[in-house]
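Below you'll find the structure, written out as structure tokens, and then a few comments.
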Protein chains: 2
Amino acid sequence: MSEKTVHATVDDVAALAGVSTATVSRCLNAPDRVVPATRAKVMEAIRALNYSPNFGARALASRRTGIIGAVVPTLENAVFAHGIGAFERSLPPGKFALLVASCGYDPEREKQQIEALVARGADGLLLVGFDRDPAIYDWLAIRKVPYVLAWACGDSHSYAGFDNAAGMAAMVRMVLDLGHRNIAMISGLTQGNDRARGRLDGARDLLAQEGLAFRNVAEVPYGLESGARAFAELMTDRSITAVICGNDVLAAGALRAAHRMELHVPKDVTITGFDDIDIASITFPELTTVRVPHTGMGEQAAALLERLIEGKRGESVLLPTEIVARGTHAPPAARKRFAKV
Amino acid sequence: MSEKTVHATVDDVAALAGVSTATVSRCLNAPDRVVPATRAKVMEAIRALNYSPNFGARALASRRTGIIGAVVPTLENAVFAHGIGAFERSLPPGKFALLVASCGYDPEREKQQIEALVARGADGLLLVGFDRDPAIYDWLAIRKVPYVLAWACGDSHSYAGFDNAAGMAAMVRMVLDLGHRNIAMISGLTQGNDRARGRLDGARDLLAQEGLAFRNVAEVPYGLESGARAFAELMTDRSITAVICGNDVLAAGALRAAHRMELHVPKDVTITGFDDIDIASITFPELTTVRVPHTGMGEQAAALLERLIEGKRGESVLLPTEIVARGTHAPPAARKRFAKV
DNA sequence: TGGTGTGATGTAAGCGCTTTCATTTGGACA
DNA sequence: TGTCCAAATGAAAGCGCTTACATCACACCA
């Protein structure tokens with residue numbers, strides 16, 4: 001006990017204000033249950049003592065922390081940085097704070113992070129996608145920790161997200177409508193990543209529906225260089241006139257490779273992205289891509305999770321994606337156009 | 001009391017393992033102070049009961065939360081997203097978790113966020129830059145909350161950062177060495193932003209040292225379009241041969257504007273950035289910029305803050321910046337070159 | 001004027017863990 | 001085999017707050 005606690009406690013405030021600790025507590029947590037005159041006295045005492053409630057004690061007694069946890073693959077990816085940013089901004093200020101953890105796309109690490117956040121008292125969780133060990137969902141259910149899934153949709157869980165497959169299908173539809181038939185795709189790694197898989201499947205299914213298939217599909221890690229290499233590889237097949245990319249970073253890489261190969265975009269080859277992050281409007285030409293409502297999603301996810309935490313029912317939210325037609329698409333050149341089937 | 005707590009407590013574990021609660025606690029917090037045989041029994045009981053310690057109780061009793069808070073202007077800016085990402089990854093897993101808040105460059109909101117994080121029990125804080133109301137520092141001192149400043153340096157506080165002025169001065173030096181004399185700058189808003197101010201001052205001071213000055217300086221908000229507009233404006237002065245930008249986003253905007261004005265970069269005009277974020281290598285031509293060690297900074301900041309939280313002394317860290325010479329710089333065209341003064 | 005209902009406030013019992021201090025245990029040593 | 005010391009363990013006192021319940025004051029109505 002070499003050092004006495006410097007901070008005023010609720011008892012000090014109560015004593016100074018001449019009320020009970022219960023009243024002090026009420027002033028802070030349910031001000032309208034205290035008569036204004038009393039409240040004024042208490043607030044004055046709080047100010048005088050420079051009091052602020054002890055977090056641990058409050059959490060212990062109220063069984064609530066006001067902390068929400070989020071696990072994302074990485075913040076390096078603008079997609080998640082923006083989504084998390086919007087999510088955080090949408091949380092009622094003062095009421096909730098955001099605990100952020102990243103897992104580097106590693107399912108095992110994601111599990112640890114979820115446990116760590118819950119151990120840190122998270123009242124609720126924001127997770128990315130739905131593809132994970134069912135044991136995790138069981139565990140969350142037992143612990144009664146509400147959660148919202150984002151960047152995906154359609155599962156039996158609560159979500160605020162969008163349809164990766166549909167978004168990509170729309171893009172492929174547009175490319176088909178331009179007349180392309182020899183199409184390749186550069187997909188992100190689909191292993192344990194339902195977003196990447198959804199996009200790939202969405203594209204494949206739409207092609208199949210038209211009796212077509214990709215000439216080739218490269219599945220590569222996230223990254224500019226990764227996209228560039230895959231593109232160079234793919235284009236050794238001289239018949240290919242369009243390359244669908246699983247995200248904007250891969251597309252930007254492909255675009256760079258096209259540059260270096262002295263392929264003219266979009267005259268010689270059409271390249272499309274997905275996400276519509278900043279870089280999509282910085283490339284030359286600017287990237288034709290699928291806009292994902294990252295900001296709206298963050299907001300909706302916050303609202304939904306808040307409801308769940310309060311024990312209310314909350315409807316999942318499916319947000320629309322939208323094609324942003326910029327400069328990297330065109331009809332195939334020097335090739336016979338096919339009528340739409 | 002309609003619903004009994006579902007979770008096992010330390011008492012349950014102690015009972016099942018046939019030890020006291022103190023021993024259970026020690027098994028969790030100081031395993032080496034318990035004999036292996038006992039520890040095994042306890043661990044077994046913990047597993048059997050699916051026990052995990054209550055966060056609030058732990059925080060209350062130990063006066064520690066293992067939570068670190070960070071306030072950044074925004075996660076939309078890749079610079080902060082990367083730094084925070086690296087910071088989070090560098091925190092000893094399981095030992096600390098990261099509470100993230102953003103303030104949108106608003107000092108008042110930053111203050112609120114700092115208070116909110118401390119109220120949430122943050123054991124320590126990561127803040128951006130040193131430019132803030134002294135009252136905040138006083139308040140943190142009274143509360144004995146350790147903190148580390150990042151993205152800046154040289155103040156009397158603990159920091160892990162770099163020298164904005166020096167980094168920018170180096171860039172201006174390079175531009176001078178190329179022969180440019182009619183130089184303009186597009187700076188971020190310096191109001192309440194020591195990083196932007198440091199960069200601007202660093203550039204100005206270096207010029208002054210050579211007996212020169214900027215032909216013109218635009219101070220504009222962060223953003224692509226913002227940079228584009230400023231550039232167009234600036235270039236109405238036909239004598240300008242180089243435009244120094246306060247960050248990569250402004251530079252990318254300037255580059256886009258140059259494109260639209262059919263100015264050839266770097267032949268007609270040199271454009272430089274600062275930060276070296278992803279977009280710097282996606283522009284065409286790729287951007288010549290100042291690399292900032294965002295990742296290393298995040299790591300160092302984490303290490304430093306951890307030391308401070310443990311009550312040890314920690315040395316501030318000054319990280320070097322580095323010029324990345326890519327494709328947007330060249331000697332001034334059709335102009336007499338000046339010898340270096 | 002007394003009964004009664006309503007809203008404000010007080011009383012006090014925990015919440016589940018850590019930690020100090022006391023006690024026990026198990027060897028090492030003579 | 002008996003002493004003594006260090007290491008291991010146990011007992012119990014909080015940590016500072018919330019909240020169920022009790023109490024009180026007061027206005028209203030019959």
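Chain identifiers are assigned alphabetically (A, B, ...) following the order of the sequence lines, protein sequences preceding nucleic acid strands; residue numbering begins at 1 within each chain. Keep in mind that this is a model prediction, so the values were computed, not measured. Computed over heavy atoms, backbone and side chain alike; hydrogens, waters and symmetry mates excluded.
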*On DNA chain D, check which nucleotide each of A/Ser62 and A/Arg33 is closest to and give me the residue with the more 5' one.*
A/Ser62
*Distance flag, aromatic centroids of A/Phe80 and A/Trp151, threshold under 6.0 Å*: yes
_Using a distance-only criterion (donor-acceptor N/O pair, under 3.5 Å, no hydrogens), is the base of C/dG10 paired with the side chain of A/Arg26?_
yes
*In whole Å, what is the span from the NE2 atom of A/His7 to the C1' atom of D/dC17?*
15 Å
_Rounded interatomic separation in angstrom, taking NZ from A/Lys41 and P from C/dA8_ = 14 Å
*If you round to the nearest 0.5 Å, how far is CD of A/Glu310 from CG of A/Leu305?*
10.0 Å
*Describe the nucleic acid contact of A/Thr38 in one word from base, sugar-phosphate, nothing, applying a heavy-atom distance below 4.0 Å.*
sugar-phosphate
*Whole angstrom value for the distance that separates P of C/dC17 from CD1 of B/Ile46*: 10 Å
*To the nearest 0.5 Å, what is the distance between CG (A/Leu318) and CD (A/Gln300)?*
10.5 Å
*Among the candidates D/dA20, C/dG16, D/dT9, find the nucleotide nearest to the side-chain atoms of A/Ala22.*
D/dA20
*Figure out the CG/P separation between B/Asp32 and D/dA7, and round it to whole Å.*
12 Å
_Please classify the nucleic acid contact of A/Tyr51 as base, sugar-phosphate, or nothing, using heavy-atom distances under 4.0 Å._
sugar-phosphate
*What distance do A/Met43 atom CE and A/Tyr51 atom OH have between them, rounded to the nearest 0.5 Å?*
11.0 Å
*Would you kindly give the CG-to-C1' distance between A/Asp11 and D/dG14, to the nearest whole Å?*
13 Å
_Expressed as a whole number of angstroms, how long is the span from B/Leu60:CG to D/dA13:P?_
17 Å
_Taking the basic N atoms (NZ, or NE/NH1/NH2) and the acidic carboxylate oxygens, is any pair closer than 4.0 Å for A/Glu306 and A/Lys312?_
no
*May I ask you to evaluate whether B/Asn29 reaches the phosphate of C/dT18, defined as a side-chain N or O under 4.0 Å from OP1 or OP2?*
yes
*Would you indicate which nucleotide in D/dG10, D/dC17, D/dA12 comes nearest to any side-chain atom of A/Arg58?*
D/dC17
*Which is true for B/Val34 with a 4.0 Å heavy-atom rule: it touches a base, it touches only sugar-phosphate, or it touches nothing?*
sugar-phosphate
*asked:* Classify B/Arg64 by what it touches in the nucleic acid, base, sugar-phosphate, or nothing, heavy-atom distance under 4.0 Å.
replied: sugar-phosphate
*Which part of the nucleic acid, if any, lies within reach of A/Thr23 when heavy atoms closer than 4.0 Å are counted: base, sugar-phosphate only, or nothing?*
sugar-phosphate
*Does a nitrogen or oxygen in the side chain of B/Thr9 sit under 4.0 Å from OP1 or OP2 of C/dG16?*
no
